[in-house]
Amino acid sequence: MGDIDSLAIVDTLLGAGPLAFDEAIQNQAPAILRSLEQWEAKFILEQASSTSKAVRSDWLQYVKWCRDHAARLLPTSTQTLTDFLRDAVKQNYKLATLSRYVYTLRRVHRASSLLDPSESAEWPDRYAGIKQQLAARVDAYGRLDDGNLKKTAVPLVYEQVKIVLSRMGNLPRDLRDAALLNLASDTLLKASELVRVCVEDFALDDNGDWWLTARDLRDLPSQDPCAHRFVSHGAMERVRRWMVLGKIQDGPVFVAIAGRPRMGSHPGTSAVHALRPDEVSRIFRKRAMDAGIPDAEMITSHSSRLGSLVDLANEGENAWAVADAGGWKQALQVSTYMTHFLNAKKPVR
């Protein structure tokens with residue numbers, strides 16, 4: 001049994017106005033809505049939660065596309081389905097995602113007793129053409145795609161980070177997200193490392209500079225430059241403001257707001273769980289989109305690392321130095337990033 005109560009199909013049809021149904025079936029709309037309502041409830045009861053969530057997500061993607069293109073939601077024509085999938089290919093969606101879209105629309109049409117667009121005589125040729133479009137697609141490094149293109153994160157350089165930070169206010173989530181992004185940009189930590197940062201990991205040296213020793217770096221020798229990451233005063237100020245507001249005195253710094261209780265939390269600390277790595281990506285992406293950053297939909301938690309890499313390279317640092325700063329195991333990987341993002345060969349020296 002799923003843990004959602006709706007696939008949002010009936011709700012979106014009711015709210016779509018004239019785009020909901022083709023004029024030819026307007027008189028059937030009440031009966032279709034009743035059938036879909038019954039089917040939604042049955043589907044959620046019988047299918048795994050992950051399946052229900054996937055169908056809901058896929059349907060909402062289709063609804064958004066139809067609104068953007070002034071296309072009727074139901075029934076979906078073969079041409080509409082073809083155009084929808086071709087746009088998905090252009091946005092670097094994988095073959096598995098496209099197959100899911102077809103599955104979702106097939107189930108909705110069958111539940112509505114409408115003609116399934118993937119059963120039309122011309123559909124096999126249309127779908128073969130879409131697969132050819134996939135096969136001709138290349139990834140960020142010019143490699144041919146086999147339909148499973150791995151999305152490449154775009155860099156979020158510090159000038160863009162400053163724009164994102166300037167758009168945040170003083171609400172709890174604003175303060176937490178600002179501290180998270182600023183610290184990520186400063187330290188080049190991975191998402192898995194950021195979520196494990198604890199209050200005890202920060203230290204002030206004799207020169208008044210702040211340093212961070214992340215949990216994943218503690219096994220490194222203390223003299224290894226990768227064992228400690230410099231934290232600017234601006235980033236540290238944001239971290240401290242968040243910790244004061246969140247009443248975080250020890251343990252994980254970046255915690256969910258109004259989340260479930262965290263096991264083993266101590267009195268006086270925020271009794272919520274630490275963020276998960278995948279939540280870091282969603283936070284960065286949403287904040288970048290809100291700030292109007294170009295290609296924000298391609299932002300991930302890796303974008304802050306790549307952005308700092310670009311900043312360091314533009315300042316004249318070589319691949320070895322950048323690899324040390326960001327904890328990359330191989331300078332060759334960093335050199336590849338430099339070549340791609342700067343469009344200029346940065347040899348490993």
Looking only at atom types and distance, does a side-chain atom of Arg287 sit under 3.5 Å from a main-chain N or O of Val164, one as donor and one as acceptor? no
Does a salt bridge link Glu237 with Arg240, judged by any charged N lying under 4.0 Å from a carboxylate O? no
So with a 6.0 Å cut-off around CZ of Arg241, is the heavy-atom count from everything else above 12? no
Any side-chain heavy-atom pair of Arg167 and Asp290 under 4.5 Å: no
Between atom CZ of Arg67 and atom CG of Leu73, what is the distance when rounded to the nearest 0.5 Å? 7.5 Å
Backbone N/O of Gly208 and side chain of His233: donor-acceptor pair under 3.5 Å: yes
Under 4.5 Å between any side-chain heavy atoms of Arg72 and Cys66, yes or no? no
If you take all heavy atoms of Ala8 and Leu60, which pair is closest and at what distance? CB-CD2, 4.0 Å
So, Ser185 versus Ser304: side-chain donor-acceptor pair below 3.5 Å or not? no
Intermediate values then yes/no, side-chain hydrogen bond (donor to acceptor under 3.5 Å, both in side chains), Tyr103 and Thr51: CA-CA 11 Å; Tyr103 166 82; Thr51 304; over 6 Å; no
Can a donor-acceptor pair be found, under 3.5 Å and without considering hydrogens, that links the side chain of Gln91 to the backbone of Ala88? no
Does Lys286 form a salt bridge (charged side-chain N to carboxylate O under 4.0 Å, His left out) with Glu297? I'd like the steps, not just the answer. CA-CA 8 Å; Lys286 180 182 184 303; Glu297 68 278 3; over 6 Å; no
Answer yes or no: is there a side-chain heavy-atom contact under 4.5 Å between Lys94 and Leu98? no
Testing the 3.5 Å rule here: is there a donor-acceptor pair between the side chains of Asp83 and Gln79? yes
Which pair of heavy atoms, one from Leu85 and one from Tyr127, lies closest together, and at what distance? CD1-CE1, 4.2 Å
Side-chain donor or acceptor of Ser335 paired with backbone N/O of Leu332 under 3.5 Å: no
State, with a plain yes or no, whether a side-chain heavy atom of Phe202 is found less than 4.5 Å away from one of Val239. yes
Side-chain contact test, heavy atoms from C-beta onward, threshold under 4.5 Å: evaluate it for Lys53 versus Arg56 and give yes or no. no
Test Gln333 against Tyr337 for side chain to side chain contact (heavy atoms under 4.5 Å, CB included), laying out the working first. CA-CA 6 Å; Gln333 181 183 13; Tyr337 283 139; 3.4 Å; yes
Between Arg107 and Val55, is any pair of side-chain heavy atoms under 4.5 Å apart? no
If you measure only the distance, is there a donor-acceptor pair under 3.5 Å linking the side chains of Asp201 and Thr213? no
What closest approach, in Å, do Ala184 and Phe284 show between heavy atoms, and which atom pair accounts for it? CB-CZ, 3.8 Å
Between Ile44 and Asp5, does the side chain to side chain contact (heavy atoms under 4.5 Å, CB included) criterion hold? Intermediate values first, please. CA-CA 7 Å; Ile44 291 171; Asp5 58 9; 5.7 Å; no
Going by heavy atoms in the side chains, are Leu165 and Arg238 under 4.5 Å from each other? yes
Is it the case that the side chain of Asp186 and the backbone of Ser232 share a donor-acceptor pair, with hydrogens and angles ignored and the cut-off at 3.5 Å? yes
State, with a plain yes or no, whether a side-chain heavy atom of Phe43 is found less than 4.5 Å away from one of Ser52. yes
Any donor-acceptor N or O pair under 3.5 Å, side chains Ser77, Thr80: yes
Transitive ILVMFWY side-chain link Met289 to Leu306, under 4.5 Å: no
Test your reading of the model: is there a side-chain donor-acceptor pair from Trp242 to the backbone of Val253, 3.5 Å cut-off? yes
Can you confirm if the aromatic rings of Trp211 and Phe230 lie within a centre distance of less than 6.0 Å? yes
Whether the side chain of Thr82 engages the backbone of Arg126 through a donor-acceptor N/O pair (distance < 3.5 Å, no angle test) should be reported. no
Ignoring hydrogens and geometry, is there a side-chain-to-backbone donor-acceptor pair from Asp22 to Ala24 under 3.5 Å? yes
Hey, is the main chain of Leu114 close enough, under 3.5 Å, to the side chain of Ser112 for a donor-acceptor pair? no
Relative to Trp328, does Arg305 satisfy both conditions: NZ or CZ under 6.0 angstrom from the six-membered ring centre, and within 45 degrees of the ring's axis? yes
Any donor-acceptor pair under 3.5 Å from Asp295 side chain to Met298 backbone: no
To the nearest 0.5 Å, what is the distance between CD1 on Ile299 and CD1 on Ile293? 7.5 Å
Partner of Arg100 under side-chain contact (heavy atoms from CB on, under 4.5 Å), chosen from Leu95, Asp58, Leu105: Asp58
Pair Arg34 + Glu37: basic N to acidic O under 4.0 Å: no
Where do His109 and Leu115 come nearest, in terms of heavy atoms and distance? CD2-O, 3.2 Å
Looking just at side-chain N and O atoms, do Thr300 and Ser281 make a donor-acceptor pair shorter than 3.5 Å? no
From Cys198 SG over to Ile248 CD1, what is the distance, rounded to the nearest 0.5 angstrom? 10.5 Å
So, using ring-ring contact (aromatic ring centres under 6.0 Å, His included) as the criterion, who are the partners of Tyr101 when residues are at least two apart? Phe84
Assess, by modelled atom type and distance only, whether the side chains of Tyr62 and Thr76 contain a donor and an acceptor separated by less than 3.5 Å. yes
Could you tell me the separation between the CG atom of Leu134 and the CZ atom of Arg86, rounded to the nearest 0.5 Å? 9.5 Å
Could you go step by step and tell me if Leu181 and Leu156 meet the side chain to side chain contact (heavy atoms under 4.5 Å, CB included) rule? CA-CA 10 Å; Leu181 177 58; Leu156 190 63; 3.8 Å; yes
Decide yes or no on side chain to side chain contact (heavy atoms under 4.5 Å, CB included) for Leu13 and Val63, but give the supporting numbers first. CA-CA 9 Å; Leu13 286 169; Val63 170; over 6 Å; no
What's the separation between atom OG1 in Thr12 and atom CG in Leu7, rounded to the nearest 0.5 Å? 10.0 Å
